[in-house]
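Following: one structure in structure tokens, then a few remarks.
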Amino acid sequence: PLIKDLFGLTDLENHLATHLRLKRVIVVPGDSDRSDWVKKEMGRAVARLLKAISRSNQVVAVAGGTTLAAVAEMMTASSSLKTTTFVPARGGLGEVVELEANTIASLMATKAGGNYRLLHVPDQLSDAARETLMKEPRIQEMMELVRSACIVVHGIGDAKAMAERRKSSPELLAHLEQEGAVGEAFGYYFARDGRIVHYGRSIGLTLEDLARAHNVIAVAGGSGKAESIAAVCPVVGGGTLITDESAARAILSDV
Ligand code: G3H
């Protein structure tokens, strides 16, 4: 409550950017845990930012989830976006099809008037199957396209909620709990100190690839994700976070 009295949204944005070591933070009013409308407002903020930073013939890689679905819903066309190719950041991670990165990429392209390419890779691959798949010329070509993305947009989830939503095995749930996983982003699970404790076996962008993308945009809100956002953002680092007031205040009240 003290923090609420002290800071307006711009102050919140600046404090949070410093605290999470990010280039830019955009805070929308409200709490997306309580209202879907706030999630849509975060989506609108991402859509606006994307329009502003887009260049013609670029590749944009997107992750999955309900927040990214809200971003897709809010996209509108622009001349740069019409020449943009939207691709999933990674293959399947066990989400229902509506929340898969592939679905989000195609939805965004449709709304933005752009193009899309999909990555059809199942989530449960053995090492052998994964290696064979990686040798396929079409997959290699697609991987090159994904890695060439200059903008990456991803959500951040609560580790336990995400592992359960993706119907993870009891062994994985126990492992995440034991290792103190609190946050998740594009299949990676992070402990409070930013340590990676697990990552999904699909293929696609790695954390190292992310460091090479010019613009990494994380979008996540709701006070329930405060700990997750605080764990993930400094590791992915340097990019933009779009969040809501309730998450922003909760993160800073922990400082
Ligand atoms: O990868 C999924 C995100 O980490 C979180 O999903 O936007 O549905 O909470 P969400």
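What you see is a predicted model; the values in this text were computed from it and never measured. Just follow the structure's listing: the first ligand is 1, and inside any ligand the first atom is 1.
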Which protein N or O atoms sit under 3.5 Å from any N or O of ligand 1? Give atom names and distances.
{"unit_1": "ligand 1", "atom_1": "1 (O)", "unit_2": "Arg166", "atom_2": "NH2", "d": "3.0"}
{"unit_1": "ligand 1", "atom_1": "1 (O)", "unit_2": "Glu184", "atom_2": "OE1", "d": "3.3"}
{"unit_1": "ligand 1", "atom_1": "4 (O)", "unit_2": "Gly157", "atom_2": "N", "d": "3.0"}
{"unit_1": "ligand 1", "atom_1": "4 (O)", "unit_2": "Glu184", "atom_2": "OE1", "d": "2.6"}
{"unit_1": "ligand 1", "atom_1": "6 (O)", "unit_2": "Arg165", "atom_2": "NH2", "d": "3.3"}
{"unit_1": "ligand 1", "atom_1": "7 (O)", "unit_2": "Thr66", "atom_2": "N", "d": "3.4"}
{"unit_1": "ligand 1", "atom_1": "7 (O)", "unit_2": "Thr66", "atom_2": "OG1", "d": "3.4"}
{"unit_1": "ligand 1", "atom_1": "7 (O)", "unit_2": "Thr67", "atom_2": "N", "d": "2.9"}
{"unit_1": "ligand 1", "atom_1": "7 (O)", "unit_2": "Thr67", "atom_2": "OG1", "d": "2.5"}
{"unit_1": "ligand 1", "atom_1": "8 (O)", "unit_2": "Thr66", "atom_2": "N", "d": "2.7"}
{"unit_1": "ligand 1", "atom_1": "8 (O)", "unit_2": "Thr66", "atom_2": "OG1", "d": "2.5"}
{"unit_1": "ligand 1", "atom_1": "8 (O)", "unit_2": "Arg165", "atom_2": "NH1", "d": "2.7"}
{"unit_1": "ligand 1", "atom_1": "8 (O)", "unit_2": "Arg165", "atom_2": "NH2", "d": "3.2"}
{"unit_1": "ligand 1", "atom_1": "9 (O)", "unit_2": "Lys225", "atom_2": "NZ", "d": "2.6"}

Is a side-chain donor-acceptor pair under 3.5 Å present for [Y] with [X]?
X      : Y      : answer
Ser54  : Gln58  : yes
Lys225 : Thr243 : no
Lys39  : Thr66  : yes

Please list all pairs passing the salt bridge (charged side-chain N to carboxylate O under 4.0 Å, His left out) test where one or both residues lie in residues 179-188, with sequence neighbours left out.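 Those involving residues 179-188 are Arg166-Glu184, Glu179-Arg195.
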Can Glu131 and Lys135 be counted as an ion pair, charged N to O under 4.0 angstrom? no
Please verify the inter-ring angle class for Phe186 with His154; under 30° counts as parallel, over 60° as perpendicular, anything in between as tilted.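 Aromatic pair Phe186/His154 classed perpendicular.
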